[in-house]
K.L.:
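Next up is a structure, given as structure tokens.
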Amino acid sequence: MSSRTLDQFLSENLDDLKSKGLYNVIDPLQSPNGPMITISGKELINLSSNNYLGLATDQRLIDAAVAAAQKYGVGAGAVRTINGTLELHVRLEEKIASFKQTEAAIAYQSGFNCNMAAISAVMDKEDAILSDELNHASIIDGCRLSRAQIIRFNHSDIDDLRQKAKEAKESGKYKKLMVITDGVFSMDGDIAKLPEIVEVAEEFDLMTYVDDAHGSGVLGKGAGTVKHFGLSDKVDFQIGTLSKAIGVVGGYVAGRQQLIDWLKVRSRPFLFSTALTPADVAACITAIDILQNSTELHDKLWANGDYLKKGLKALGFNIGESETPITPCIIGDEQQTQQFSKRLYEEGVYAKAIVFPTVAKGTGRVRNMPTAAHTTEMLDRALSIYEKVGKEMGLLK
Ligand SMILES: Cc1ncc(COP(=O)(O)O)c(C=O)c1O
């Protein structure tokens with residue numbers, strides 16, 4: 001018998017979400033998550049995946065995954081510290097460290113897990129964290145879990161960060177201070193002002209933590225935002241995901257050997273959750289190998305990003321201030337944004353509407369994620385659908 005309290009809680013809250021149009025219905029894919037996808041039998045141009053380089057469907061990764069599953073089986077069998085560490089995990093961590101130009105690295109089961117793990121292994125209730133107000137949910141949850149004081153600074157506002165860092169330092173209330181930022185902000189495609197953030201960190205002795213989920217594989221010729229700015233020896237924690245440009249699943253911290261040694265004995269998802277599967281790990285190693293040996297996919301991604309941006313701008317859409325291939329198409333009104341995304345879908349483009357509370361009220365947008373796997377024909381077709389729907393809805397002249 002189910003609890004009446006639970007039933008009441010769920011009905012009330014589900015009804016509330018549905019009445020506000022905030023209940024997210026999930027459309028399962030009937031195809032791989034490539035540049036074209038199939039949903040409910042309908043073929044669509046996919047502009048909503050984080051598979052930036054097209055590696056999620058790359059045959060070289062698939063072959064590596066199959067070979068690893070045949071050699072090691074489908075599961076790691078235990079947590080890393082019992083006997084779930086296969087030689088493949090060690091190779092992956094060495095590979096990440098060489099990719100990121102750090103002394104060492106540690107891999108986790110997801111990027112989300114990684115932020116929960118790393119922040120709480122180092123920070124505690126006597127500490128404070130300066131966190132960009134637009135940081136990802138996993139950073140926010142990792143900060144909360146650590147029980148440190150969270151001090152939010154205005155998005156990419158270095159004066160605000162400096163002022164708050166100064167106050168925190170001079171208050172004498174905290175043992176350790178850390179500044180955390182995304183490397184690339186996924187809703188607008190803007191890049192964190194890392195050189196200035198590092199300067200403030202040096203001034204007030206802050207640890208530096210950069211979550212480069214959307215910058216790895218994309219900036220710094222693939223090595224990420226920290227490399228893009230030449231700051232590999234200035235950032236303490238370089239976080240990344242293996243699920244976006246790398247195309248598989250997992251997350252990691254790259255940094256100094258001592259930091260990684262500490263995370264291996266103190267970060268709870270490493271100690272208490274089963275290791276990444278052999279197939280995932282082998283595919284990740286192959287992906288990083290590809291990125292280290294060629295910039296072809298990276299260059300294609302940027303070329304496609306520029307092409308889509310120019311096309312949308314020429315049509316008259318507001319594409320914001322993105323500095324990366326992420327291309328928002330800002331509509332404003334929430335309902336109109338939802339309607340726009342729905343019409344794009346009907347015409348053959350899958351581009352999700354992103355509205356409040358994920359972004360500020362009145363800045364609803366359809367977010368486009370071009371990838372290296374899109375062809376010019378696909379992008380041209382998407383642009384002509386944008387034009388048709390934009391005109392039909394009175395969004396374009
Ligand atoms: C900045 C940031 N960090 C972490 C994550 C979580 O990564 P994963 O999907 O690998 O768990 C995401 C994913 O959306 C992200 O955007």
Side-chain angles (χ1 to χ4, degrees), residues 24 26 33 47-53 55-56 61 92-93 96 100 105-120 129 131-146 152 155-156 178-194 197 208-220 224-226 228 235 237-254 263 267-270 273-277 280-281 283-284 287-288 322-328 352 354 357-359 365 367-369 371:
N24 195 11
I26 297 168
N33 200 341
L47 288 173
S48 281
S49 105
N50 296 315
N51 179 20
Y52 289 115
L53 300 175
L55 287 170
L61 273 67
L92 173 62
E93 288 168 343
I96 294 168
K100 292 281 162 180
I106 177 171
Y108 293 94
Q109 304 86 346
S110 75
F112 202 105
N113 232 344
C114 177
N115 281 326
M116 304 293 278
I119 302 170
S120 63
I129 301 169
S131 177
D132 188 291
E133 65 176 335
L134 294 191
N135 278 344
H136 187 255
S138 57
I139 297 179
I140 296 168
D141 287 6
C143 291
R144 285 184 183 147
L145 189 64
S146 77
R152 292 193 339 156
H155 175 52
S156 276
M178 175 185 269
V179 56
I180 304 191
T181 182
D182 278 22
V184 170
F185 290 87
S186 64
M187 296 304 150
D188 289 291
D190 53 323
I191 304 173
K193 294 177 181 154
L194 283 191
I197 291 174
T208 45
Y209 187 112
V210 178
D211 177 347
D212 209 21
H214 295 274
S216 288
V218 175
L219 287 169
T225 310
V226 174
H228 168 77
V235 170
F237 298 72
Q238 287 196 56
I239 310 303
T241 62
L242 297 163
S243 55
K244 303 190 193 295
I246 298 297
V248 192
V249 72
Y252 58 84
V253 183
L263 295 176
S267 55
R268 293 167 74 81
F270 189 82
S273 181
T274 298
L276 281 167
T277 73
D280 292 331
V281 178
C284 289
I288 299 174
S322 171
E323 301 166 88
T324 61
I326 296 171
T327 307
K352 268 276 195 204
I354 315 252
T358 308
V359 291
R365 78 266 328 258
R367 189 183 52 165
N368 299 285
M369 314 285 260
T371 72

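It should be emphasised that the depicted structure is a prediction, and the values quoted were computed from it without experimental measurement. Whatever order the structure lists them in is the order used to number ligands and atoms, beginning at 1.
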K.L.:
Please tabulate, for side-chain N and O atoms in residues 239-251, each donor-acceptor pair with protein atoms closer than 3.5 Å (sequence neighbours left out).
P.N.:
none

K.L.:
What's the spacing between Phe112 CZ and Asp211 CG if we round to 0.5 Å?
P.N.:
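Reported to 0.5 Å precision, the distance equals 11.0 Å.
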K.L.:
Find the distance between CG (Asp188) and CD1 (Ile326) and round it off to the nearest 0.5 Å.
P.N.:
9.0 Å
K.L.:
Suppose the criterion is salt bridge (charged side-chain N to carboxylate O under 4.0 Å, His left out): which pairs have a residue in residues 132-146, not counting sequence neighbours?
P.N.:
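Every salt bridge (charged side-chain N to carboxylate O under 4.0 Å, His left out) pair that includes a residue of residues 132-146, provided the two are not neighbours, is Asp141-Arg144.
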K.L.:
Every pair of nitrogen or oxygen atoms between ligand 1 and the protein that is under 3.5 angstrom apart - can you list them with their distances to 0.1 Å?
P.N.:
from: ligand 1; atom 1: 3 (N); to: Asp211; atom 2: OD2; distance (Å): 2.6
from: ligand 1; atom 1: 10 (O); to: Gly111; atom 2: N; distance (Å): 2.9
from: ligand 1; atom 1: 10 (O); to: Ser243; atom 2: OG; distance (Å): 2.7
from: ligand 1; atom 1: 11 (O); to: Gly111; atom 2: N; distance (Å): 3.1
from: ligand 1; atom 1: 11 (O); to: Phe112; atom 2: N; distance (Å): 2.9
from: ligand 1; atom 1: 14 (O); to: His136; atom 2: NE2; distance (Å): 3.3
from: ligand 1; atom 1: 14 (O); to: Lys244; atom 2: NZ; distance (Å): 2.8
from: ligand 1; atom 1: 16 (O); to: His214; atom 2: NE2; distance (Å): 2.8

K.L.:
For Phe237, what residues pass the ring pair (Phe, Tyr, Trp, His ring centres under 6.0 Å) criterion, not counting sequence neighbours?
P.N.:
Tyr209
K.L.:
When Val210 is tested against each of Ile180, Asp182, Val179, Val235 for side chain to side chain contact (heavy atoms under 4.5 Å, CB included), which residue passes?
P.N.:
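Considering Ile180, Asp182, Val179, Val235, a side chain to side chain contact (heavy atoms under 4.5 Å, CB included) with Val210 is found only for Val235.
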